Amino acid sequence: MTEKRPNFLMIVNPFADAGQAKKIWQKIEVQLKEAKVNYRVEMTDHPGNGVQLAREFALHHKLGENWVVVAVGGDGTLHEVLNGLHLGGGDQIPLGYLPAGSGDDFARGVRLPTQPLAAVQKFLEVQHTTELDVGVYKDRIDAHETLFTNNVGVGFDASVVHAANAGQKDNLKKYHMQSNAYVASLIKTFFKQDAFGLTVKTDETERKFQHAFLVTTTNIKYFGGGVPIVPLADLHDGKLDLVVVEKMNAVRFVKLFVQMLATGNHLKSPVVHHFQTKQLHIETDMPENGQVNGENIQKQKFDLDFWVTQRPFWI
Ligand SMILES: Nc1ncnc2c1ncn2[C@@H]1O[C@H](COP(=O)(O)OP(=O)(O)OP(=O)(O)O)[C@@H](O)[C@H]1O
């Protein structure tokens, strides 16, 4: 990227963090103006609008025009903007991110401050693009291709996301990890989520699981708003990490969860299977809930191919 500071298109989701993002954006704007940043703003006005706005922009801006598209919101907003750029042929347009959501796993994963104003300070110091890994999955059933910065979950974590997003719709408030509502939802979902059959094919191996429970393919260390599922996940290694957790009793599950939060040693447990691979295929034997970057994927029988690509980021 040139040494001249680029122009920025800010795609802001005012609804992120249960509506707090609107106020956060007003504060961010003060800092951008003080720093004399050239930017233009588009506010999303409905779910999915981030895809449309980014796609539209990419269709009309070719490489070399010195623009960066910045997602302002949570992991869901980042996901929409990433895929909108992709759909508009803008995979080489640098993607920036200002965290203003509730979970902010990507920000944690790339060590951006999750405190929005500190994140703007860091943003203003960026001078060049950085290539980072981005995951891609393609559905063998409908041939649809989706990019992801964070993770794709099938089974338990996806069911937790579905419950949290339903809660957000009802109360305009997403569960936070520390909240009683989150813990209550986790317990309820644990008992509702049955084991399922799963086939996994990586670069090196093929495995069948009769009692899969949580199946997460991740590009970064965190999922679920700061839970370190793969402590050593690396955004530069050209690989994805897959974690398969088998169904276990509730006491053992709580112990495993605590272990995951406290030590990261959960990957050594005999009921946890960790794969690192450039390419991956997963197939479930029955319909399951899915999630990508904390957004619902409709319950379905999954038959997915995964691989990794790289794209420029402005972070
Ligand atoms: N104007 C809008 N009104 C309602 N929903 C919107 C609007 N714009 C975007 N959305 C939706 O808001 C949802 C949540 O956004 P996002 O994930 O960015 O925030 P979050 O859930 O608070 O953060 P995180 O995913 O980091 O926990 C997304 O599904 C997005 O489609």
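Owing to the predicted nature of the structure, the values given are computational and were not obtained by experimental measurement. FYI, side chains are in, hydrogens and waters are out, and symmetry mates aren't considered; it's all heavy atoms of this structure. Remember, it's 1-based here, ligands and their atoms both numbered in the order they're listed.
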Checklist entry - Going through the checks in order, is the side chain to side chain contact (heavy atoms under 4.5 Å, CB included) test met by I315 and V126? => result CA-CA 6 Å; I315 51 174; V126 177; 5.5 Å; no

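At least one heavy atom of G48 sits under 4.0 Å from some atom of ligand 1. Taking a 4.0 Å cut-off on heavy atoms, G103 registers as neighbouring ligand 1. Judged by the shortest distance from any of its heavy atoms, N49 lies outside the 4.0 Å radius around the atoms of ligand 1.
Near E295, with a cut-off below 4.0 Å to any heavy atom, the atoms of ligand 1 are 17 (O), 28 (C), 29 (O). For ligand 1, the atoms sitting less than 4.0 Å from at least one non-hydrogen atom of G101 are 22 (O), 23 (O), numbered in the order shown with element in parentheses. For ligand 1, the atoms lying closer than 4.0 Å to a non-hydrogen atom of A16 are 18 (O), 19 (O), 22 (O). Atoms of ligand 1 lying under 4.0 Å from at least one heavy atom of T44, given by number and element, are 1 (N), 7 (C), 8 (N), 9 (C). For ligand 1, the atoms closer than 4.0 angstrom to any heavy atom of D104 are 26 (O). Distances below 4.0 Å separate heavy atoms of D45 from the following atoms of ligand 1: 1 (N), 2 (C). For ligand 1 and E80, the ligand atoms under 4.0 Å from any heavy atom of the residue are 30 (C), 31 (O).
For atom 7 (C) of ligand 1, the choice among N13, D17, N150 with the nearest heavy atom turns out to be N13.
Close N/O approach between D75 and ligand 1 is found [any backbone or side-chain N/O within under 3.5 Å]. For a threshold of 3.5 Å applied to N or O pairs, the pair formed by G74 and ligand 1 contains at least one separation below that value.
For K23, the NZ atom sits in a loose shell: 12 or fewer heavy atoms of surrounding residues, nucleotides or ligands are nearer than 6.0 Å. Within 6.0 Å of atom NE2 in H273, more than 12 heavy atoms from other residues, nucleotides or ligands are found, so the atom counts as buried in its surroundings.
N150 places no side-chain N or O within donor-acceptor distance of the main-chain N or O of Y222, the cut-off being under 3.5 Å. In this structure a side-chain-to-backbone donor-acceptor pair under 3.5 Å is missing from N13 to G50. A distance-only check finds no donor-acceptor pair linking the side chain of R55 to the backbone of N83 [under 3.5 Å].
When ring centroids are compared, F190 and F257 stay outside the 6.0 Å threshold. The aromatic ring centres of Y137 and F302 sit 6.0 Å or more apart.
Atoms CD and CZ, from Q259 and R252 in turn, are 10.0 Å apart once rounded to the nearest 0.5 Å.
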